[in-house]
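One-based numbering, in listed order, for ligands and for the atoms of each. The figures here come from the full heavy-atom set of this structure, side chains too, leaving out hydrogens, waters and symmetry mates. None of the values given here were measured: they were computed from a predicted structure.
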Amino acid sequence: MVSSEIKNFGIIGYPVGHSLSPHMYRAAFEAAGYPNYNYIPFSIQAGKLFMAVEGIRGLGFRGVNVTIPHKTTIAKYLDAIDSDAMVIGAVNTVVNDGGMLTGYNTDVYGFLASLAEANFLPGDCHAVILGAGGAARAILWGLCKKRAEFVTIGARNPQKAQALANDFLSYGAVEGFDWNSNEFKEYMQSADILINTTPLGMFPNVEDMPPIDLNLLPEGALVYDIIYNPSETKLLKTARELGFPTLNGLSMLLLQGKESYRLYTGEIPDMEIMAKTLEKILSANK
Ligand SMILES: NC(=O)c1ccc[n+]([C@@H]2O[C@H](COP(=O)([O-])OP(=O)(O)OC[C@H]3O[C@@H](n4cnc5c(N)ncnc54)[C@H](OP(=O)(O)O)[C@@H]3O)[C@@H](O)[C@H]2O)c1
């Protein structure tokens, strides 16, 4: 059935020109019979964020996705924050219920659901995270929720790795290190999963990769790079050639989108259409 109802959605960030979200949601709305659901990218500078949020309310937008650099700062302009977004300290989805704006973080759902799709059980695992930024926070929270046994964070800046670990000490066993340190190298030897959350290797810098030795990982460890462009980063190619199972960031991107769509509409989107849409754009970008 095709609905004639009009609803508006968008993504706010700075810049947002590169975002795949408009393509993904428009394809899903169209497939679900909502041709009049609009999804618009809004490039909003930091000083205009408050006015943009009031715009969502005033114009009656049903929801917006939020990306860099507003994921943390937007919280103070919202009426309520869901518990995952509160712990992570970042919002990537805002839902407008009659003027009441609630912030959510669906990256956690996307990450955990991507592990489930890859048949990886995070409970009792030893996870190694590379990087200590926003995505690392969401992933660390997901691992703590699933009761990972131990999480080791490695980053170029050990103070940031340690600060992130300290923020989550009440939720699980987490430690942060310089990724060049001997301690970090030792921890790599017992990892069940290694997750890259740095942008090293992302298009167009496809020859970059985190400066770690994958040979240290035990046999069978899952090497997960949350980058989705290119589909196989240098890190993943190296891991595959060494015989490790690998996973890229496309499923996390799709599954966080699935959860945001559910929060917006109460429905589950056509994941096949969303995946095909993204794959088409990403292969054209090569
Ligand atoms: N698949 C998905 O659904 C999904 C979701 C979210 C994010 N992502 C991807 O994840 C990546 C990180 O996003 P984010 O939001 O976490 O970014 P972020 O908050 O800026 O954090 C990036 C992290 O990577 C480190 N880093 C950046 N450049 C580096 C370099 N040249 N060498 C070493 N470390 C470096 C940063 O270290 P410093 O703090 O020292 O700068 C920081 O720890 C991006 O590629 C993004 O596209 C994917």
So Ser190 and His126, side-chain hydrogen bond (donor to acceptor under 3.5 Å, both in side chains) or not? Walk me through it.
-> CA-CA 7 Å; Ser190 62; His126 171 203; 3.0 Å; yes
For Tyr228, the ligand 1 atoms whose distance to one of its heavy atoms is below 4.0 Å = 1 (N)
Can you find an N or O of Gly134 that's nearer than 3.5 Å to an N or O of ligand 1?
-> yes
Shortest protein contact, atom 39 (O) of ligand 1 (heavy atom only) = Lys160 NZ, 2.8 Å
Heavy-atom side-chain contact between Tyr228 and Phe203 under 4.5 Å | no
Within the 4.0 Å heavy-atom cut-off, what Phe203 brings close to ligand 1 is neither
Return the option from Ser114, Ala161, Pro199 holding the heavy atom at the smallest distance from atom 27 (C) of ligand 1.
-> Pro199
Tell me whether the centres of the aromatic rings in Phe29 and Tyr261 are closer together than 6.0 Å.
-> yes
Kindly determine whether Met86 and Ile81 satisfy side chain to side chain contact (heavy atoms under 4.5 Å, CB included), including the steps that lead there.
-> CA-CA 6 Å; Met86 188 77 90; Ile81 306 288; 4.2 Å; yes
Atom indices of ligand 1 within 4.0 angstrom of Thr198 heavy atoms, with elements | 24 (O)
Name the orientation class of the two ring planes belonging to Trp141 and Phe168 (parallel below 30°, tilted from 30 to 60°, perpendicular beyond 60°).
-> tilted
Nearest protein heavy-atom contact for atom 42 (C) of ligand 1: which residue, which atom, what distance?
-> Gly133 N, 3.8 Å
Among all protein heavy atoms, pick the one closest to atom 43 (O) of ligand 1 and tell me residue, atom and distance.
-> Ala132 N, 2.8 Å
Among Gly131, Gly110, Ala135, the residue with a heavy atom nearest to atom 7 (C) of ligand 1 is Ala135
With heavy atoms and a 4.0 Å threshold, my read on which part of Arg156 contacts ligand 1 is side chain
Could you pull out the closest heavy-atom pair between Met24 and Gly257, with the gap in Å?
-> CE-CA, 3.7 Å
How are the rings of Tyr25 and Tyr39 set relative to one another: parallel (under 30°), tilted (30 to 60°) or perpendicular (over 60°)?
-> parallel
Between Leu200 and ligand 1, which part of the residue brings a heavy atom under 4.0 Å of the ligand: side chain, backbone, both or neither?
-> side chain
Identify, by atom number and element, the atoms of ligand 1 in contact range of Trp179, meaning under 4.0 Å from any of its heavy atoms.
-> 33 (C), 34 (N)
What atoms of ligand 1 come closer than 4.0 angstrom to any heavy atom of Ile68?
-> 15 (O)
Does the protein put any heavy atom within less than 4.0 Å of atom 46 (C) of ligand 1?
-> no
For Leu247 and Met252, run side chain to side chain contact (heavy atoms under 4.5 Å, CB included): C-alpha distance rounded to whole Å, both residues' side-chain angles, the deciding distance at 0.1 Å, then the answer.
-> CA-CA 10 Å; Leu247 183 63; Met252 177 173 166; over 6 Å; no
Run the numbers on Asp84 and Lys145 for salt bridge (charged side-chain N to carboxylate O under 4.0 Å, His left out), then give the verdict.
-> CA-CA 10 Å; Asp84 282 341; Lys145 275 176 77 159; 2.9 Å; yes
For atom 8 (N) of ligand 1, the protein heavy atom that lies nearest, with its residue and separation = Ile226 CD1, 3.5 Å
Is the closest heavy-atom distance from Asp208 to ligand 1 below 4.0 Å?
-> no
Validation row: Leu140, Val174 side chains within 4.5 angstrom (heavy atoms) | yes
Please could you name the atoms of ligand 1 that Met202 approaches to less than 4.0 Å, counting only its heavy atoms?
-> 45 (O), 47 (O)
Is there a side chain to side chain contact (heavy atoms under 4.5 Å, CB included) between Leu194 and Leu130 once you walk through the steps?
-> CA-CA 8 Å; Leu194 176 125; Leu130 304 177; 3.9 Å; yes
Ligand-side contact atoms (ligand 1) for residue partner Thr197, heavy atom cut-off under 4.0 Å = 10 (O), 11 (C), 12 (C)
Salt-bridged, Glu30 to Arg26, with N to O below 4.0 Å?
-> no
Might you check, step by step, whether the distance between atom 10 (O) of ligand 1 and some protein heavy atom is under 4.0 Å?
-> yes
Among protein heavy atoms, which lies nearest atom 5 (C) of ligand 1, and at what distance?
-> Met252 CE, 3.8 Å
